[in-house]
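Below: the structure, in C-alpha cells.
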There are 2 protein chains.
Amino acid sequence: MGTYTRKTPLKIDCPMEKTLHVISGKWKLALLCELNRGTCRLKDLEKYNSEASKRALTKQLSELVEDGIIQKKDYEVYPKKVEYSLTARGKELITVLEVLDEFGKQL
Amino acid sequence: MGTYTRKTPLKIDCPMEKTLHVISGKWKLALLCELNRGTCRLKDLEKYNSEASKRALTKQLSELVEDGIIQKKDYEVYPKKVEYSLTARGKELITVLEVLDEFGKQL
DNA sequence: CAGGATCCAGTGCGATACTG
DNA sequence: CAGTATCGCACTGGATCCTG
C-alpha cells in the first residue's frame, strides 16, 4: 500500500486483498466520501482536496472507474465537462467503509 | 498506502483512514489470517509466507503490536522463543476483514 | 531462534508544463 | 476544464549479514 499490491499473490486469490487494493491510494477514501455526497466534477474534487496534485486525482479516479466503483459522464462539450458519481457497487463499498470507520474510532 | 500513510492528513482526523493504515502492508492480511487460526512463532510465519523477507515480517509484526492488534509473549529463554497472537482488538479487526472479504468476492 | 542494520530496487505521488 | 508527460523524491520492502 499504498496501499498497495502484492507482487507475489497469495496462493488463494484473496478477495479481501482485492478490496484493500481498490481503496488503497492516498486520496481514494476522500474521493469516495465526497462522491458519496453527490456527483462531482474534477475541479470540485480538486477544490476539496486542494493539497492533492491533479495527476494523483485523475489517476486514482481512473482506477476507481476501472474497478467499477465510480462512473464518468462525459458531456462532450468544450470547454470539457465530465461528472463523476458512484456506481451501485460503489454505494455498496461505502457501507464497507462505514465498518472501517466504526473500527477506526476505537484506535 | 502500500498501504500507506497520507503525509498531509485530512482536516478531520479520519477513523477509516486509521483502520486502512493499520492493515496496509504487503503481508499484514496474511499474518492476521494466520494468527487468527492460532498463536504462532516467527519461524512458523516465515514458513507460511516463504516469499516474504524476515525484515518485512518482523517490521509488520511490530507495527501490528504498536497498533494493539497483536501481542508478543517472550519466553526469555535461549534460543529465543516468542509467540504472537491476536489481542481482543485484533479479533474485532478480523470481523472487519470478513466484511472486506465479502465485498471482494463480487469484484 | 528473534530481530536489528545496511544497502538497493521498485513505485506512488508531487510539481510543473502542455494539449485539445 | 479535463487529462497527459516528464522529472524527481520519499517510502516500502527485498537481500544479506550480524548479534545475543
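Side chains included, hydrogens not; waters and symmetry mates left out as well; all remaining heavy atoms used. Just so it is clear: chains get the letters A, B, ... in the order the sequence lines come, proteins before strands, and each one is counted from 1.
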Quiz item: Under 4.0 Å: is that the gap between some side-chain N or O of B:K54 and OP1 or OP2 of D:dC17?
Solution: no

Exercise. In whole angstrom, give the distance that lies between atom CG of A:L61 and atom P of D:dC1.
Key: 16 Å

Quiz item: Just to confirm, is there a sub-4.0 Å distance from OP1 or OP2 of C:dC13 to any side-chain nitrogen or oxygen of A:Q60?
Solution: yes

Practice problem: With DNA chain D as reference, determine whether A:R41 or B:Y78 sits nearer its 5' end, using the nearest nucleotide of each. | Solution: A:R41

Quiz prompt | B:W27, nearest nucleotide to its side chain (from D:dC1, D:dG14, C:dC1) | solution = D:dG14

Practice problem: State whether A:T58 places a side-chain N or O below 4.0 Å from either non-bridging phosphate oxygen (OP1 or OP2) of D:dG3. | Solution: no

Exercise. Return no unless some side-chain N or O of A:K26 is found under 4.0 Å from OP1 or OP2 of C:dC13.
Key: no

Practice problem: Hey, could you give me the CZ/CZ distance between B:F103 and A:R89, rounded to the nearest 0.5 Å? | Solution: 6.5 Å

Self-check item: Rounded distance (Å) that lies between atom P of D:dG14 and atom CD of B:E46
Solution: 12 Å

Quiz item: What nucleotide among D:dA2, C:dG14, D:dG13 has an atom nearest to a side-chain atom of A:V82?
Solution: D:dA2

Quiz item: B:K59 NZ to C:dT6 P: how many Å, rounded?
Solution: 15 Å

Quiz item: Roughly how far apart are A:L45 CG and A:Q60 CD, rounded to 0.5 Å?
Solution: 11.5 Å

Exercise. Send over the distance from B:K28 NZ to D:dG13 C1', rounded to a whole Å.
Key: 12 Å

Quiz prompt | Nearest-angstrom distance from the residue atom CD of B:E51 to C1' of D:dA15 | solution = 15 Å

Practice problem: With the side chain of A:L42 defined as its heavy atoms from C-beta on, choose the nearest nucleotide among C:dA2, C:dG14, D:dG3. | Solution: D:dG3

Self-check item: Spacing of B:L57 atom CG relative to C:dC1 atom P, expressed in whole Å
Solution: 15 Å

Quiz item: Has A:K72 got a side-chain N or O lying under 4.0 Å from the OP1 or OP2 atom of D:dG3?
Solution: yes

Quiz item: Between the side-chain atoms of B:R55 and the base atoms of D:dT12, is any donor-acceptor pair under 3.5 Å?
Solution: no

Practice problem: Nearest 0.5 Å please: distance from the CG atom of B:N49 over to the NZ atom of B:K26. | Solution: 11.0 Å

Quiz item: Could you give the CD-to-P distance, from A:E83 to D:dA2, as a whole number of Å?
Solution: 10 Å

Practice problem: Could you work out which one of C:dC1, C:dC13, D:dA2 sits closest to the side chain of B:K80? | Solution: C:dC1

Quiz item: Expressed in angstrom and rounded to an integer, what is the separation of A:E63 atom CD from C:dT11 atom P?
Solution: 13 Å

Quiz item: B:Y75 near the nucleic acid: base, sugar-phosphate alone, or nothing, with a heavy-atom cut-off under 4.0 Å?
Solution: nothing

Quiz item: Got a second to check how far A:K91's NZ is from A:T87's OG1, nearest 0.5 Å?
Solution: 8.0 Å

Quiz item: Is A:K81 paired with A:E76 through a side-chain N to carboxylate O contact shorter than 4.0 Å?
Solution: no

